[in-house]
Every structure is written in C-alpha cells, then in structure tokens.
Chemist: 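Below is the structure I would like to discuss, written out as structure tokens.
This structure is a prediction, so every number in the text was calculated from the model and none was measured.
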Amino acid sequence: MKKISFIVFLLFFSIGKATTIKVGANLPVKKIKQALALANDGDTILVHSGIYKEGTILINKKIYFIGKNFPVLDGQHKKEVVSINANDVVVKGFKVINSGHAALNDPCGIRVYDKNNVIIQGNILDNNFFGIYLQNSTNCIVKNNVIKAYGKAEQLIGNGIHCWKSNNLQIIGNKITGHRDGIYFEFVTQSVIWRNIANNNIRYGLHFMFSNDDAYITNVFKNNGAGVAVMFTKNVKMFNNYFEENWGDSAYGLLLKEISDSYIFNNRFARNTSGIYMEGTSRIKVEKNSFESNGWGMKIQASCMENEIVNNNFLKNTFDISTNGSLVLNTFNSNFWDKYEGYDLDKDGMGDVPYHPLSLFAVLTENTPSAMLLYRSFMITLLDKSEKVLPSITPDNFVDNKPLMKSLPL
C-alpha cells in the first residue's frame, strides 16, 4: 500500500513539475508554434539562435519565453509578431523585426492583450510599426529593451512603447528611437517611467494623455520633434530628467497643457526652442531645475494660475520668460537669473532689488514673431533698458522679489 502511495506521489509531482522545451534547427522541436502546443503553464520555451518566420506567435499560456543569443522573430512585414494573451508571461532575449504596417489594427512587435503580470525584458525590436503595446494591462514590466524604427512621417509609424488604459506599469531602462512617440501613455495610472532614453522620434519623446498619479524619473528626451507633452492630467511627478535639443518652430522641451497639482523637480532643460511651455496649468511647482541655452526658458500663457517657480537656474537663454497676457497669477521666488544686474549689500545671497524677468522684447516677439529680426540690435537694447526704468508694457507683478546672486549647484 505504501509503495502504491509513493508511486502516486511521484506521478503527481512529475505532472506538476515545469519543464523546458528547447527549440532550434538542430533540435527535435524546430518550430516555436510546435513548442507552444506542447507547453503547459509554468513551462519554459528556450529558443536557440536562428531566424523564425512563423507569422504571429500567439502566447496563450503562462510560460517563460526565452531567447538564447537573440533568435530573430521575423514578421515579414505582414502581421503582428508576438501576441500575448495570458497572465504571468515572460518574454526575454529576442530580436523582433518587421511587423506589418496598418493604421486600423496597429500591428506590433510585441503586444499584450488585457493581461496582468507580464514581463518584456532585454529584447531588440527593429523596424516594427508599433514596438511594444500594452492594452488594458496591470502590473506589467517593460525593461531594458532596444526599440528602433525608421519612420519618416508620424502618420506612417506607431509608437515605441504604447500603453493604453492600464495601471501599475514599470517602463524602465529602454532605448527608443525612430518612432512617432517614444513612449505613449493614455489612461494609464499609478505607473513609473524610469531611466529610459528617447531620442530622434518624430513627434514626442514622451506623450501623456489623461494619465494621473504617474511619475517619470531620470529619463533622457533628446532631439525629438517636440520633446515631451503632458496633457489633461493631474498628480504627475517629473524628476531628474534631461530635455535636450528639441528644436523647431513649435518645439519645446516640455509641454504642459491642462494639467494640475504636479511637481517638476531637478530637471535639465538645455538647447530647446522653449524649455517649458505651459498652457492652462494650475498648482504646478517648478523647483531646482536648470534652464540653459534655450530660446525661451519658460513660456507661461495667461491661462496659467497658482504655479510656483522657485530655486531654478536661468542661464544663457535668449529669453528667460515669456507670456501672452498682462494678468499674472503665478509666483517667482529665489531663482538665479544670469541677466540680473542688481546688488546684494547685506550679503544674504539675495539681490536687494527685485528682478523683472519678462523683457519688453519678449512681449513684442510674443505678439509679433517677426520682431526677432531685430534681436541684438541697439534699438531693442535701448527699449529694454528704458522698460526697466519706467515699466509701461510688462506687468509690474511679474517679478522675483528675492533673486539669487549665485547659481544653485543643481
């Protein structure tokens, strides 16, 4: 009786034990789809190097899908390459290339359909319409992937990492280039974007829409069409990011449109047409950021209110601040302005004379952009000097009452 019980125990143990199915040209299992048919929940499919042209690979079991030496999954420009339709899936170590291109069903390199706890890590995605797409998903991780496309127009290419109607996502350490938007969030909450590099994308390095209670930290957004856009959103934390070399007629490092109750801390805005462009924003704190060598450090439209700009450095910008109205509902405190010409007799580190960062020429060019032709002319210098002595057009309350005498060590 004991012997029979022991045999039954071994049988149940072997049934429940996860197995590894190896796939390769010189192995018994030569096709990925064949391995998927054999696999059970919890198994590992280990794919050896080679080129696999099997159409769409549908993963509908809880498996570890692992590539060895970056096997190539080739969509042959026809279909989606990898579709994930199961929870608790790991996809790691593949080169995913050549998805189809279509505007109606948005074919992807890797797509997750309404699932949870999926990890997509350490893959190379090359020449796909969309790179990685998370749809209505929870607790997913997209980490350390290289995502590259060759888009020429934003209508002809999708986004590198596209996240829709999801929550508790972690987007970490990815490199994205050549897509419409590097990273796109729409209706995504309680998520973090950390240590990614998005450069040379056609539209935005990062695009937020209707996505509350998120954070993006220590990312690089460089040489994209228009930097980063955060729109129709609240409670967003933006820390330690680099916004660099986003140039163009309507470009900026960071666009804030209809957002509220957010915190922008310790970022670097360098060599952008505008460092930050704010429209319809309220209760935003902009603290300890560096604005350097931009066309405009900040453009704050008249629709903005209750924003606080404090302890920032404004260095070598053509214009530090610009606005399109006369009513000022925002505050500036203890910023360093390299154009400040005041003095500090009591040696407390703050200028004794308040600083008005809005120049007359900035007001003129906001209303008449062609006036930039007169930039650096003697006449404009004389106008600005006269405006500082006898203000007539620039708002009196557009002022930093405690300008810093030395730049902050940011």
Side-chain angles (χ1 to χ4, degrees), residues 106 108 110-120 130-143 145 147 154 158-174 176 179-198 201-221 224-243 246 252-267 276-286 303-304 307:
D106 296 337
C108 310
I110 302 173
R111 186 166 184 165
V112 180
Y113 290 86
D114 312 324
K115 298 303 174 187
N116 308 322
N117 308 314
V118 174
I119 299 174
I120 302 170
F130 279 74
I132 297 171
Y133 196 129
L134 305 181
Q135 170 185 309
N136 194 25
S137 301
T138 303
N139 295 326
C140 294
I141 298 173
V142 178
K143 185 175 181 180
N145 302 281
I147 305 169
E154 62 181 71
N159 302 318
I161 299 175
H162 186 106
C163 306
W164 177 79
K165 200 178 179 183
S166 300
N167 61 80
N168 291 306
L169 304 180
Q170 296 180 48
I171 312 299
I172 303 172
N174 302 282
I176 311 115
H179 281 273
R180 180 196 304 156
D181 297 335
I183 302 170
Y184 181 88
F185 269 30
E186 185 173 7
F187 303 110
V188 178
T189 60
Q190 302 289 339
S191 297
V192 64
I193 298 169
W194 181 39
R195 294 193 300 106
N196 302 278
I197 299 173
N201 294 288
I202 297 170
R203 188 168 62 176
Y204 302 118
L206 169 65
H207 192 178
F208 258 57
M209 296 280 286
F210 309 104
S211 296
N212 303 323
D213 307 304
D214 297 313
Y216 63 94
I217 304 167
T218 319
N219 303 282
V220 176
F221 306 107
N224 299 289
V228 172
V230 182
M231 298 189 265
F232 309 105
T233 293
K234 63 183 181 180
N235 298 328
V236 178
K237 294 178 175 63
M238 301 167 250
F239 299 164
N240 308 331
N241 300 285
Y242 288 78
F243 304 81
N246 301 289
Y252 25 73
L254 173 61
L255 165 66
L256 304 175
K257 182 178 176 63
E258 305 297 335
I259 85 163
S260 62
D261 303 298
S262 297
Y263 190 23
I264 302 172
F265 177 80
N266 199 38
N267 301 279
I276 297 180
Y277 183 101
M278 303 172 69
E279 180 179 328
T281 68
S282 58
R283 299 181 300 281
I284 308 296
K285 189 171 186 178
V286 181
S303 56
C304 302
N307 301 294

Chemist: Run through Tyr204, Phe208, Trp164 and flag the one making a ring pair (Phe, Tyr, Trp, His ring centres under 6.0 Å) with Phe185.
Modeler: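 Of all the options given, the one that passes is Phe208.
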Chemist: Can you name the nearest heavy-atom pair linking Ser137 to Asp114, along with the distance?
Modeler: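 Taking Ser137 first and Asp114 second, the nearest heavy atoms are OG-N, 4.0 Å.
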Chemist: Quick check: do Tyr216 and Ile183 have side-chain heavy atoms less than 4.5 Å from each other?
Modeler: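 No; the side chains remain at least 4.5 Å from each other.
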Chemist: So, does Thr189 use its side chain to make a donor-acceptor pair with the main chain of Asp213 at under 3.5 Å?
Modeler: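 Here the side-chain-to-backbone pair does not exist.
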Chemist: Are Asn139 and Asn116 close enough, and set up right, to give a side-chain hydrogen bond (donor to acceptor under 3.5 Å, both in side chains), and what steps lead you there?
Modeler: CA-CA 6 Å; Asn139 295 326; Asn116 308 322; over 6 Å; no
Chemist: Could you go through Arg180 and Glu154, starting from their C-alpha distance and side-chain angles, then the distance that decides it, and tell me whether this counts as salt bridge (Lys or Arg N to Asp or Glu O under 4.0 Å)?
Modeler: CA-CA 5 Å; Arg180 180 196 304 156; Glu154 62 181 71; 5.6 Å; no
Chemist: Do His207 and Met231 come close enough that some side-chain heavy atom pair is under 4.5 Å?
Modeler: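 Heavy-atom side-chain distance check passes, below 4.5 Å.
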Chemist: Rounded at 0.5 Å granularity, tell me how far CD1 in Ile284 sits from CE in Met238.
Modeler: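 So the gap between those two atoms works out to 6.0 Å.
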Chemist: If you take all heavy atoms of Ala198 and Gly205, which pair is closest and at what distance?
Modeler: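 Looking at all heavy atoms of both residues, the closest pair is CB-O, 3.6 Å.
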Chemist: With side-chain hydrogen bond (donor to acceptor under 3.5 Å, both in side chains) as the test, would you mind laying out the steps for Tyr133 and Gln135 before giving the verdict?
Modeler: CA-CA 6 Å; Tyr133 196 129; Gln135 170 185 309; 4.9 Å; no
Chemist: What's the separation between atom CG in Leu256 and atom SG in Cys304, rounded to the nearest 0.5 Å?
Modeler: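 If we round to the nearest 0.5 Å, Leu256:CG and Cys304:SG are 8.0 Å apart.
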Chemist: Could you please spell out the steps behind the side-chain hydrogen bond (donor to acceptor under 3.5 Å, both in side chains) verdict for Asn235 and Asn212?
Modeler: CA-CA 6 Å; Asn235 298 328; Asn212 303 323; over 6 Å; no
Chemist: With rounding to the nearest 0.5 angstrom, report the CZ to CD1 distance, Phe221 to Ile176.
Modeler: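 These two atoms lie 8.0 Å from each other.
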Chemist: How about Val112 and Ile120: do any of their side-chain heavy atoms sit closer than 4.5 Å?
Modeler: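 When only atoms from C-beta onward are counted, Ile120 and Val112 do touch, with a gap below 4.5 Å.
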Chemist: Considering all heavy atoms of both residues, which atom of Cys140 and which atom of Leu134 are nearest to each other, and what is their separation?
Modeler: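 Where Cys140 meets Leu134 most closely, the heavy atoms are CB-CD1, 4.2 Å.
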Chemist: Determine whether a donor-acceptor pair (N or O, by modelled atom type, separation under 3.5 Å) exists between the side chain of Asn267 and the backbone of Asn240.
Modeler: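 Flag set: sc Asn267 to bb Asn240 pair under 3.5 Å.
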Chemist: What's the spacing between Ile217 CD1 and Ile193 CD1 if we round to 0.5 Å?
Modeler: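 Output value for this atom pair is 10.0 Å.
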Chemist: Given side chain to side chain contact (heavy atoms under 4.5 Å, CB included), test Ile147 with Ile132 step by step and report yes or no.
Modeler: CA-CA 8 Å; Ile147 305 169; Ile132 297 171; 3.9 Å; yes
Chemist: Return the CD to OG distance between Gln190 and Ser211, rounded to the nearest 0.5 Å.
Modeler: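 Answer rounded to 0.5 Å: 11.5 Å.
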Chemist: Can you confirm whether Cys163 sits close enough to Ile161 that some side-chain heavy atom of one is under 4.5 Å from a side-chain heavy atom of the other?
Modeler: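 Sidechains of Ile161 and Cys163: in contact.
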Chemist: Determine the interplanar angle of the Phe239 and Phe265 rings, folded into 0 to 90°, and report it as parallel if under 30°, tilted if 30 to 60°, perpendicular if over 60°.
Modeler: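 Aromatic pair Phe239/Phe265 classed perpendicular.
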Chemist: Give the minimum heavy-atom separation between His179 and Asn201, together with the two atoms involved.
Modeler: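 Minimum heavy-atom contact is N-OD1, 2.9 Å.
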Chemist: Among Lys234, Arg283, Lys285, which residue satisfies the salt bridge (Lys or Arg N to Asp or Glu O under 4.0 Å) criterion with Asp261?
Modeler: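 By the salt bridge (Lys or Arg N to Asp or Glu O under 4.0 Å) criterion, Asp261 pairs with just one of Lys234, Arg283, Lys285: Arg283.
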Chemist: Just by modelled atom types, is the Asn159 backbone N or O under 3.5 Å from a matching donor or acceptor in the Arg203 side chain?
Modeler: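 It does not hold such a pair.
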Chemist: Are any side-chain N or O atoms of Thr281 and backbone N or O atoms of Ser260, one a donor and one an acceptor, separated by less than 3.5 Å?
Modeler: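 Not confirmed, Thr281 side chain does not pair with Ser260 backbone.
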Chemist: Closest approach of Met209 and Thr233, non-hydrogen atoms and distance?
Modeler: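 Scanning both residues, the minimum pair turns out to be C-OG1, 4.1 Å.
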Chemist: Can you tell me how the ring of Phe130 sits relative to the ring of His162, calling it parallel under 30°, perpendicular over 60° and tilted otherwise?
Modeler: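 Plane angle over 60°, so perpendicular.
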Chemist: Determine yes or no for a side-chain-to-main-chain donor-acceptor pair under 3.5 angstrom, with Asn174 supplying the side chain and Asn196 the backbone.
Modeler: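 Checking the backbone N and O of Asn196 against the side chain of Asn174, no donor-acceptor pair under 3.5 Å is found.
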Chemist: Would you give the length of the straight line joining atom OG1 of Thr218 to atom CG of Asn241, rounded to the nearest 0.5 angstrom?
Modeler: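 Answer for the OG1-CG pair, Thr218 versus Asn241, is 6.5 Å.
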Chemist: Identify the two heavy atoms, one from Phe243 and one from Leu254, that lie closest to each other, and give their separation to 0.1 Å.
Modeler: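 So the two residues come closest at CE2-CB, 4.1 Å.
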Chemist: Does atom OH of Tyr242 have more than 12 heavy-atom neighbours from other groups under 6.0 Å away?
Modeler: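 Check fails, neighbour count at 12 or below.
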